[in-house]
Amino acid sequence: MPIKVGIPRALLFYEYYSLWISFFEELGAEVIVSEKTNKEIIDIGVKNTVDEACLPVKVFHGHVMDLKNRVDYIFIPRIISLTEGEYICPKFCGLPEMIKYSIKDIPKFIDTTINFRKSKKNLNRTVMEIGSYITQDKKKIKRAFEIATEKYNNHRMLMETGLLPNDMLKKDFLGEVPQPSKKDKVLLLGHPYNIYDSYMSMEVIDKLRKHGLRVVTCDNLETDVIDEKAKTLNKKMFWSFGRKILGTTLHAIEDDGVCGIIYMACFGCGLDSVIAEIVERKVRRSSDKPFAMLSLDEHTGEAGINTRIEAFVDMIRWREDHEDNLSTYR
Amino acid sequence: MKITFPHMGNTYIALKVVFEELGVEVIVPPKCNKNTLELGTLYSPELMCIPFKITVGNYLESIKKGADTMFMWGGRDVCRIGYYNTLQRDILENLGHDIKMLCVKPMKSIREIEHFLEKLNFVSGTKNYLKILKSFIQGLKTLCRIDEFDDLVIKIRAREINKGEVDRLYSNFKRDINNGKGYRRTMEIIGQYKKKLLNLEIDNNKEVLRVGIVGEIYTVLEPFINHYLIERLGNMGVEVHRSVTSSEFIREQLDFIPFIKSNKHDIHRASEPYLDTEIGGHARHTVGNTVIYSEKNFDGVIHLLPFTCMPEIVAQSILTVIEKEKDIPILKLVLDEMTGETGYLTRIEAFLDLLISRREKKSYEKSISWS
């Protein structure tokens, strides 16, 4: 019987799912991904996490609870750094501990440390360590990682054409998503686990699309473009996602096709409190694009979000309809 | 040039000494107060942590007093402190203040200490590195002496016979320090008050509760933000031990120099079974020190953290397990810009009641088993 590996559908799953799933599948493991986020998962997550943690971490706990009786291993890597010289949120470094001490009777973890802060040299060792939970065959692990990387790169290429992870995660995904005919682009910023988790984000992407807007995110932009833009910042952003978000913002400010920017933050997120502030200052200072900030938390009332999205869309539309470029002194 | 810096407990005394010795005009911001907090929260991002907000308030109050250069600890960490100065500069510029910011990075190697001295060189305008190095060392010495003095104050306050004596003495001490100038005078004052303190009547046989304080350094050291917790506990007859102090913090950075010693390795050893990597902030210290307190038979631990502090949240989820495994009560206090203290007081009192009854129960158990 194949080893069952559980992957919680939360946090960096939305960034790396194609890599992780195909890697474990190539190794011969059976991959079980937790259910889509729903009310029960959030409730059970909130109950099992310390009060002060942010919603994404609570949701992650919920997904682990969902998996815990169905799998042999749960994949919770200790991620310290994904890119040279950069970090991600400190909570990711302590995630295995948080889970270990908050949830009882939990299956074994695959909690390999992923730390590329100094260099990517230890990539090979990291991959081998993760693979060794499933098989001892080093060649097989290497081959599996190659295939998985290829899939991941394809996945990224697809996103650069305008697709979003939550389109591709849909069961009836055929390789194409009908985009709204209008060309107005709205830039949706935020951590991938906030914006792509459709339950948590209250389906903000679908809602915007229903209004005839085209939603773009950091993932639709080539990494080179983001890197180049991010370099122009006067202080280097040392959080990987923050750098992506800021780079994209700088690009969007110059892009006339982008008619509005929405930042989706999470209540109590330490990173968002800094990044959103910098983004807002940049947008306000060097462009006249509408900017909205939406905060998420455990509350499930949708009306507030709906009202604000509608008001935001109205603002964009009215600009188009009523802008006459006449001098105000008449 | 008029230089200023943010408050963090008594750290300002050492900074004042350094700059005074260098011959720079120093503007000490007014002691943190309600106005500082209000100014800070008004101009800071909404979900920012409380140290950031208070610091902004400090700057604005100093600018009002005429300061034009800010001195700030930068940090190079996973947590938000690395972005403090960039954002703060932006905020102040937006408000129309043209100020200079000097940002100091951690001092974990000779090269980084050199950087620091270069900054001091810029401030003082002298090329005399000997003088700069001397004032730097004098600053470090002051920092250590102040922390020693504070530890003594904590010990005596819990055991004083005439209530309020220590607090009175302490406020006089603060007044003299603020009026005094330079290294020699500051050390004189500290020595003088130390003598006075040791002459106070104390009850040596008093059974005091021992409580350790762990958590994020700013919330532990700045009395305004922790609702004067250390003072209050002392007046309730509790001997407090602060696990993080600014002198210890600096010592940990500098302990690659042979004659400087710190407790870093002990703390890391203690936290190893629970958390064996650095995750930013003081999380590892929080975990390690809690374990050390339980080993030293402290009655309880109070964990202080600013609201939304990322590393401390991880530590907090680990503390719940340590609490059970090591059988040591832990009280968590999350601090933000809310200044209603009654809620905190009630919880502290209830916590102390719990500690007292635990102690009684334990001594009772002992007497039974011995008979």
Side-chain angles (χ1 to χ4, degrees), chain A residues 48-54 57-58 61 78-81 85-104 111 113 115 117 233-240 242 265-282 284-285 293 295 297, chain B residues 43-49 52-53 74-91 93-94 103 271 273-284 286-287 303 305-325 332 334 336:
Chain A
N48 283 291
T49 323
V50 282
D51 315 336
E52 268 71 37
C54 56
V57 168
K58 288 177 180 171
H61 280 66
R78 180 198 311 282
I79 305 172
I80 296 172
S81 166
E86 285 176 9
Y87 289 105
I88 60 170
C89 171
K91 279 179 207 156
F92 284 87
C93 323
L95 200 58
E97 272 82 18
M98 281 181 101
I99 299 283
K100 195 158 99 193
Y101 295 122
S102 319
I103 298 176
K104 279 173 208 131
D111 61 349
T113 305
N115 185 0
R117 191 176 71 81
L233 289 166
N234 49 6
K235 156 123 190 174
K236 188 180 185 275
M237 181 38 104
F238 53 77
W239 294 310
S240 301
C266 207
F267 178 74
C269 175
L271 273 60
D272 280 342
S273 73
V274 176
I275 302 165
E277 182 73 14
I278 300 176
V279 168
E280 189 171 345
R281 281 170 185 272
K282 289 252 184 267
R284 295 225 188 286
R285 198 169 298 162
M293 166 112 173
S295 281
D297 62 6
Chain B
Y43 297 115
S44 306
E46 187 188 354
L47 285 175
M48 205 62 186
C49 43
F52 182 95
K53 295 180 180 174
R76 197 184 45 187
D77 222 341
V78 206
C79 100
R80 270 174 282 192
I81 181 110
Y83 250 90
Y84 269 33
N85 59 343
T86 323
L87 263 182
Q88 283 171 338
R89 184 178 303 165
D90 216 53
I91 289 170
E93 261 171 28
N94 258 13
C103 186
S271 71
Y274 301 96
L275 183 73
D276 58 358
T277 40
E278 201 65 65
I279 61 164
H282 294 265
R284 207 170 172 188
T286 302
V287 172
H303 180 207
L305 63 149
F307 181 58
T308 74
C309 178
M310 299 173 280
E312 293 299 327
I313 289 171
V314 178
Q316 193 202 326
S317 64
I318 299 170
L319 288 194
T320 49
V321 177
I322 299 180
E323 190 174 21
K324 274 184 211 135
E325 282 182 6
K332 160 197 84 185
V334 184
D336 63 2

Determine the option with the most heavy-atom pairs under 4.5 angstrom with chain B, choosing from Arg285(A), Glu280(A), Met98(A), Arg281(A).
Arg281(A)

Would you say NZ of Lys236(A) has more than 12 non-hydrogen atoms from neighbouring residues, nucleotides or ligands within 6.0 angstrom?
yes

Comparing Met237(A), Glu86(A), Arg117(A) against chain B, the one with the most heavy-atom pairs below 4.5 Å turns out to be Met237(A)

Can you tell which part of Phe92(A) gets under 4.5 Å to a heavy atom of chain B, answering side chain, backbone, both or neither?
neither

Side chain, backbone, both or neither: which part of Leu95(A) has an atom under 4.5 Å from a heavy atom of chain B?
neither

Nearest heavy-atom neighbours spanning Asp272(A) and Cys266(A)
OD2-N, 3.2 Å

Under the side chain to side chain donor-acceptor pair (under 3.5 Å) rule, what pairs show up with a residue in residues 90-101 of chain A, not counting sequence neighbours?
Arg78(A)-Glu97(A)

Is there a side-chain contact (heavy atoms from CB on, under 4.5 Å) between Phe52(B) and Gln88(B)? Walk through the geometry before answering.
CA-CA 8 Å; Phe52(B) 182 95; Gln88(B) 283 171 338; 3.5 Å; yes

Please step through salt bridge (Lys or Arg N to Asp or Glu O under 4.0 Å) for the pair Arg284(B) and Asp276(B), ending with a clear verdict.
CA-CA 8 Å; Arg284(B) 207 170 172 188; Asp276(B) 58 358; over 6 Å; no

Measuring heavy-atom distances to chain A, does Ile91(B) have an atom under 4.5 Å in its side chain, in its backbone, in both, or in neither?
both

Between Gly268(A), Ser102(A), Gly270(A), Ala53(A), which has the largest tally of heavy atom pairs under 4.5 Å with chain B?
Gly270(A)

Listed partners of Ser44(B) passing side-chain hydrogen bond (donor to acceptor under 3.5 Å, both in side chains), at least two apart:
none

Pick one of side chain, backbone, both or neither for Leu87(B), based on which atoms fall under 4.5 Å of a heavy atom in chain A.
side chain

Contact leader toward chain A among Asp90(B), Leu275(B), Leu305(B), Thr320(B), where contacts are heavy-atom pairs under 4.5 Å
Asp90(B)

